[in-house]
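In what follows, a structure is listed as structure tokens, so that the remarks can point back to it.
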Amino acid sequence: MTGVEFLASFLTTGELHGLRIGSTLEEVDRTLRHPFVDVVGEEREWLRRDYGLVEFAFNPEPEWVMATASIQLHRLASDDELAQTWARSTGVEFSRYTSWKELHDELSRTHGIPELKITDQGGILQYRAASSNVSVLVVDGEDEERGYRVGNGDVWSLDLWAPFRAG
């Protein structure tokens with residue numbers, strides 16, 4: 001599967017290899033066979049697991065439960081091996097850069113474009129899909145050029161977030 005196909009699926013479904021908000025740490029361990037680094041809060045009030053390209057944050061319920069997930073595409077621009085190791089462990093092949101246009105075109109062809117709320121965050125445009133709880137952050141700076149960083153119009157990251165629910 002190509003990276004842009006994977007991203008289009010994530011944006012429309014809110015699932016990353018079948019994982020979603022509320023998935024347990026055990027489910028993540030069974031799903032992803034990739035090296036990672038864990039950072040745990042001093043009082044074990046949170047856990048952040050970083051797989052290089054993908055990060056998860058967990059809250060302790062009785063067991064660790066996923067609260068957010070993020071695909072850090074900008075890291076691919078400066079790390080040639082990251083895409084290769086990710087492809088070996090997951091079967092998803094990312095290119096060094098992914099433009100918003102590429103992702104938008106893939107959505108048009110395959111999944112349909114969800115309703116997106118667009119917010120200008122000063123140098124970053126956020127495209128937020130309430131239907132899947134996924135936001136796409138896109139570089140918005142005419143002077144930003146591709147190199148060891150993503151450039152203007154490139155996707156910086158995709159973030160899965162839990163919607164606020166009033167008690």
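Residue numbers count from 1 along this sequence.
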Quiz prompt | Worked check of salt bridge (Lys or Arg N to Asp or Glu O under 4.0 Å) between R49 and D29 | solution = CA-CA 11 Å; R49 177 164 286 179; D29 287 341; 2.4 Å; yes
Quiz item: Looking just at side-chain N and O atoms, do E26 and T24 make a donor-acceptor pair shorter than 3.5 Å?
Solution: no
Quiz item: Say you draw a straight line from CZ of F94 to CD of E5; how long is it, rounded to the nearest 0.5 Å?
Solution: 10.5 Å
Exercise. Using a cut-off of 6.0 Å, state whether more than 12 heavy atoms not belonging to E81 lie near its atom CD.
Key: no
Quiz item: Does atom CZ of R20 have more than 12 heavy-atom neighbours, drawn from other residues, nucleotides or ligands, at distances under 6.0 Å?
Solution: no
Practice problem: For the pair F6 and I71, evaluate side chain to side chain contact (heavy atoms under 4.5 Å, CB included) and give the outcome as yes or no after the intermediate values. | Solution: CA-CA 11 Å; F6 178 77; I71 303 172; 3.8 Å; yes
Quiz prompt | Candidate list D50, T68, V39, test side-chain contact (heavy atoms from CB on, under 4.5 Å), partner E55, passing option | solution = D50
Quiz item: How long is the span from the OG atom in S131 to the CD atom in E115, to the nearest 0.5 Å?
Solution: 8.0 Å
Exercise. Give the C-alpha distance, both sets of side-chain angles, the deciding distance and a yes or no for side chain to side chain contact (heavy atoms under 4.5 Å, CB included) between F56 and L16.
Key: CA-CA 11 Å; F56 296 100; L16 193 148; 4.1 Å; yes
Quiz item: Can you tell me if R128 uses its side chain to pair, donor with acceptor, with the backbone of T119 under 3.5 Å?
Solution: no
Self-check item: Worked verdict on L7 versus L73 for side chain to side chain contact (heavy atoms under 4.5 Å, CB included)
Solution: CA-CA 10 Å; L7 297 173; L73 286 178; 3.5 Å; yes
Practice problem: Determine yes or no for a side-chain-to-main-chain donor-acceptor pair under 3.5 angstrom, with R33 supplying the side chain and T31 the backbone. | Solution: no
Quiz item: Is it true that a side-chain atom of S132 and a backbone atom of L11 form a donor plus acceptor pair closer than 3.5 Å?
Solution: yes
Practice problem: Using modelled atom types only, decide if a donor and an acceptor are shared between the side chain of N152 and the backbone of G141 within a distance under 3.5 Å. | Solution: yes
Quiz item: Should the pair R149 and Y97 be classed as cation-pi, given the thresholds of under 6.0 Å to the six-membered ring centre and 45° from the axis?
Solution: no
